[in-house]
Amino acid sequence: MSIRYGWWQKPISVSQNVWAGLSLASMNIPQVLGYARIAGMPTVTGLYTVLFPLVAFALFGSSRHLVVAADSATAAIFSSALSELEPVGSAAYIHLVSAVALLNAAFLLVARLCRLGFLADFLSRTVLVGFLAGVGVQVGMSMLYDMVGLDVGSHNTVAQFIGLMQAWPHIHWLSVVLSCVACALLLCGARFFPGRPVPLVVVLGALGVSWFWGLAQYGVTVLGPMQGGLPHFLAPVISWHQFLALLPVSASCVFVIIAQSAATSHAFAYRLHETVDANADIMGLCAANAVAGLSGTFTVNGSPTQTAMAVQAGGTSQKAQLVFAAVTLCVLLFFTGPLQYLPRCILGSVVFCVAIGMIDRRALNRIRMESPGEFRLALVTMGTVISIGVEQGIFIAIALSLFRHVRHSYRPHTMVLKPDPVTHELEAAPVRAGEQTEPGLVVYRFCADLFYANCSLFAEDIDLLLSKAPVPVQCVVVDCSAITDIDYSAASVVRDVLFRLNMRGVRVIFGRVASYALADMERHRIVAALGEGNIYAQLHQAMSAARQWVQQAGLAVRH
């Protein structure tokens with residue numbers, strides 16, 4: 001029996017998490033302000049997403065690193081839909097946005113009760129590496145616009161690249177110089193001072209330089225003024241028709257929340273050799289969105305970029321996120337004024353360096369060397385995220401993982417058991433024409449469950465072994481050790497094979513039949529088709545019965 005300890009029970013470095021939380025705040029506070037613009041909400045609501053929702057997930061979630069806050073994918077989903085119902089930024093629009101967050105919490109609660117965390121198991125490590133790499137490229141490309149002083153005109157990475165090439169003559173060169181200096185400091189700091197709050201130093205330094213020299217007057221884009229203060233807790237009021245209209249919007253957000261958060265938490269858990277409880281994370285996401293809806297802000301989600309920032313800053317648990325929330329509280333109460341001087345190009349540089357770090361080149365190279373097929377799956381996932389979007393990339397990742405599993409099950413390994421010339425023990429050999437275990441006897445192993453897609457292989461192998469046998473086959477023993485489930489279609493094929501072999505006078509015996517496989521065989525009338533005395537729990541029992549049958553058949557032929 002294993003005991004899963006909470007993040008608060010594990011030994012950590014408090015000072016390391018404090019510095020990580022400070023660095024995380026310096027990088028993410030300006031970023032969530034940008035997400036508020038995507039959501040069509042007041043700027044200060046971006047800060048609200050990293051206050052109470054962050055604390056809620058830290059208390060209820062299991063991931064030690066997942067940062068749950070504002071996210072561009074979900075913000076784009078609900079803002080595009082709600083803008084058709086109410087004017088963006090209006091009081092009615094804000095009520096709808098908060099209502100979507102509360103609906104998300106309700107759907108996530110249902111998902112937790114139904115234990116839908118198992119969906120994360122369909123994300124293989126291969127596609128997770130490709131997913132994070134794709135997110136890194138996508139975020140890095142969008143940050144290049146801020147780094148060169150341009151406005152992003154599209155959410156699509158390919159369109160962003162084309163637009164950047166076309167707008168190259170219009171870039172702001174002072175912003176480019178500042179971005180290059182910031183990137184150089186950040187990359188050198190990551191190499192020579194790992195674990196130190198270099199991003200915090202860069203952001204504070206840029207803030208001071210911008211305030212002292214007034215960089216805004218030289219054309220450098222800054223965040224600009226914003227209001228402060230704590231959020232007011234209030235339940236949104238909407239009509240019944242608005243409620244019905246919000247249901248599909250919320251459902252879309254929840255699918256993205258579960259998939260993206262699971263992909264992110266599992267990717268970093270794999271990278272850091274840790275484990276996560278996907279169902280506990282869903283509960284944490286439920287609590288975070290409930291608090292977001294009640295505190296007047298918008299939907300929150302597990303963010304790959306912000307989680308990467310937390311990891312690179314040296315955070316070892318959710319205590320780093322709690323420090324982040326505490327810093328946000330201080331900013332809301334006392335320091336919203338200085339934030340207006342922060343250059344967007346510096347923020348873009350910080351996020352760009354983090355995004356590049358999300359591309360795990362070593363892992364991709366290991367996958368390429370060990371499994372070229374899986375490497376291609378990682379590249380497809382990466383390409384989908386880059387060319388189409390994060391949410392589509394997640395679903396492609398799940399589909400590819402399932403496809404790989406089905407592909408292995410569709411063409412499973414099949415073999416004939418033959419005695420070793422030296423040890424005389426039964427050893428597995430590939431199914432080929434003319435293979436026999438003993439004269440007149442074939443022991444055949446099918447190494448997967450029997451279902452509609454692979455049952456034809458079962459029939460083809462049996463026909464091949466009998467039609468090309470050097471000695472007429474009198475008995476076939478099927479080793480069922482790997483067969484745990486048989487569906488209706490496969491059962492029909494098996495019964496047809498048994499009927500044809502019976503017409504040829506070939507006896508069929510099933511060995512190593514487990515209880516759950518036997519239940520399927522009885523339900524699908526395979527036991528009746530086999531006949532009495534042809535099913536055994538052990539292979540040696542089936543072999544003994546088969547050898548007696550072959551001997552009797554041989555004696556009958558001689559007489």
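Predicted model, so just to flag it, every value in this text is computed and none were measured.
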For this session: For L364 and R368, run side chain to side chain contact (heavy atoms under 4.5 Å, CB included): C-alpha distance rounded to whole Å, both residues' side-chain angles, the deciding distance at 0.1 Å, then the answer.
Result: CA-CA 6 Å; L364 286 170; R368 181 183 60 81; over 6 Å; no
Problem set entry | Non-hydrogen atoms of A288 and V68 that approach each other most closely | CB-CG1, 3.9 Å
For this session: Check G302 against S261 and note the closest heavy-atom contact, atom names and distance.
Result: N-OG, 3.0 Å
For this session: Check whether any side-chain heavy atom of V176 lies under 4.5 Å from a side-chain heavy atom of M147, and answer yes or no.
Result: no
Exercise. Hey, what do you get for OG (S387) to CE (M382), rounding to the nearest 0.5 Å?
Worked result: 11.0 Å
For this session: Could you tell me whether the side chain of Q318 and the main chain of L66 form a donor-acceptor pair under 3.5 Å?
Result: yes
Exercise. Can you tell me how far the CG atom of L54 sits from the CZ atom of F324, to the nearest 0.5 Å?
Worked result: 6.0 Å
Seminar exercise, completed: From the list T297, L332, L329, side chain to side chain contact (heavy atoms under 4.5 Å, CB included) partner of L47 resolves to L332
For this session: Could you tell me whether the side chain of Q242 and the main chain of S239 form a donor-acceptor pair under 3.5 Å?
Result: yes
For this session: Taking all heavy atoms of P231 and all of S295, pick out the closest pair and write down the distance.
Result: CB-O, 3.2 Å
Problem set entry | 4.5 Å side-chain heavy-atom contact, V203 and L342 | yes
Exercise. Does the side chain of V158 come within less than 4.5 Å of I162's, by heavy atoms?
Worked result: yes
For this session: Check whether the ring centres of F233 and F52 lie less than 6.0 Å apart, and answer yes or no.
Result: yes
Problem set entry | Donor-acceptor contact below 3.5 Å, side chain T49 vs main chain G46 | yes
Exercise. Is it the case that D281 and S62 place a side-chain donor and acceptor less than 3.5 Å from each other?
Worked result: yes
Exercise. Within the side chain of S98, is there an N or O that forms a donor-acceptor pair under 3.5 Å with the backbone of H95?
Worked result: no
Exercise. How about L102 and P236: do any of their side-chain heavy atoms sit closer than 4.5 Å?
Worked result: yes
For this session: State, to 0.1 Å, how close V88 and S83 come at their nearest heavy-atom pair, and which atoms those are.
Result: CG2-CB, 3.6 Å
For this session: Would you confirm whether Y93, through its side chain, and L82, through its main-chain N or O, come within 3.5 Å as a donor-acceptor pair?
Result: no
Problem set entry | A25 versus V327, closest heavy-atom pair with distance | CB-CG1, 3.5 Å
Exercise. If you look at every heavy atom in P304 and Q260, which pair is closest and at what distance?
Worked result: CD-NE2, 3.4 Å
Exercise. Backbone N or O of P42 within a donor-acceptor pair of the T45 side chain at under 3.5 Å?
Worked result: yes
Exercise. Could you state the interatomic distance from NE2 (H65) to CG (L272), rounded to the nearest 0.5 Å?
Worked result: 4.5 Å
For this session: Look only at the side chain of Q306 and the backbone of A70, and say whether a donor-acceptor pair between them is shorter than 3.5 Å.
Result: yes
For this session: Decide whether N365 and R362 meet the rule of one side-chain donor and one side-chain acceptor closer than 3.5 Å.
Result: no
Seminar exercise, completed: So CG of L22 and CH2 of W19: to nearest 0.5 Å the spacing works out to 6.5 Å
Problem set entry | Donor-acceptor contact present, side-chain R112 to main-chain I282, <3.5 Å | no
Problem set entry | Check: N17 and S317 side chains under 4.5 Å, non-hydrogen atoms | yes
Exercise. How about L285 and N104: do any of their side-chain heavy atoms sit closer than 4.5 Å?
Worked result: no
For this session: Show your reasoning for whether side chain to side chain contact (heavy atoms under 4.5 Å, CB included) applies to I257 and F107.
Result: CA-CA 11 Å; I257 289 170; F107 278 127; over 6 Å; no
Exercise. What's the verdict on side chain to side chain contact (heavy atoms under 4.5 Å, CB included) for M143 and V350, showing C-alpha distance, side-chain angles and the deciding distance?
Worked result: CA-CA 9 Å; M143 289 301 103; V350 172; over 6 Å; no
Exercise. Does a side chain donor of either T74 or N301 reach within less than 3.5 Å of an acceptor in the other side chain?
Worked result: no
Problem set entry | Flag if over 12 foreign heavy atoms under 6.0 Å of CZ, R271 | yes
Problem set entry | Stepwise side chain to side chain contact (heavy atoms under 4.5 Å, CB included) test for S179 and V148 | CA-CA 8 Å; S179 299; V148 299; over 6 Å; no
For this session: Would you check if V220 and W213 make a side-chain contact, meaning some heavy-atom pair closer than 4.5 Å?
Result: no
Problem set entry | Neighbour count >12 (heavy atoms, 6.0 Å) for atom OH, Y270 | yes
For this session: Please answer whether the main-chain N or O of S371 pairs with a side-chain N or O of E374 as donor and acceptor at a distance below 3.5 Å.
Result: no
Exercise. Taking C-beta and beyond as the side chain, do P338 and L207 meet within less than 4.5 Å on heavy atoms?
Worked result: yes
Problem set entry | Distance, nearest 0.5 Å, that separates CG of D146 from CD1 of I346 | 11.0 Å
Exercise. Looking at CG of D71 and OG of S303, how far apart are the two atoms once the value is rounded to the nearest 0.5 Å?
Worked result: 5.5 Å
For this session: Determine yes or no for a side-chain-to-main-chain donor-acceptor pair under 3.5 angstrom, with S250 supplying the side chain and L246 the backbone.
Result: no
